[in-house]
Amino acid sequence: TSRKLYLTRRNLRSAKRNTKETRMKAREELLRDIGALRREAEYWELEAKDLLVQNNQLKKDLHIAKSELKLWMGTGV
């Protein structure tokens, strides 16, 4: 009985240790995932800013082209 009790306690300690190790591994994995998501969010934020700049430049170019077309049409050329 004493031996059986010792093994049971040993198993419980082992199970607790494994649970703690499992939690620590899960935490580390989550932290890695969070880091990766932050980097990805930064990337897409920069992409969005670049696209907004390009969009504004295209709008300016379109406005200039429309103005030039109106001038050209007005001259009768």
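Side chains are part of it too, since the values below use all heavy atoms of this structure and drop only hydrogens, waters and symmetry mates.
Under a 4.5 Å side-chain heavy-atom criterion applied to ILVMFWY residues, the cluster that includes W44 comprises Y43 as well.
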Cut-off 3.5 Å, no hydrogens considered: what does the side-chain donor-acceptor table look like for residues 48-65, sequence neighbours left out?
| unit_1 | atom_1 | unit_2 | atom_2 | d |
| --- | --- | --- | --- | --- |
| N56 | ND2 | L52 | O | 3.4 |
| Q57 | NE2 | D61 | OD1 | 3.0 |

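With L31 as the fixed residue, the side chain to side chain contact (heavy atoms under 4.5 Å, CB included) test singles out one of R27, E28, E29: R27.
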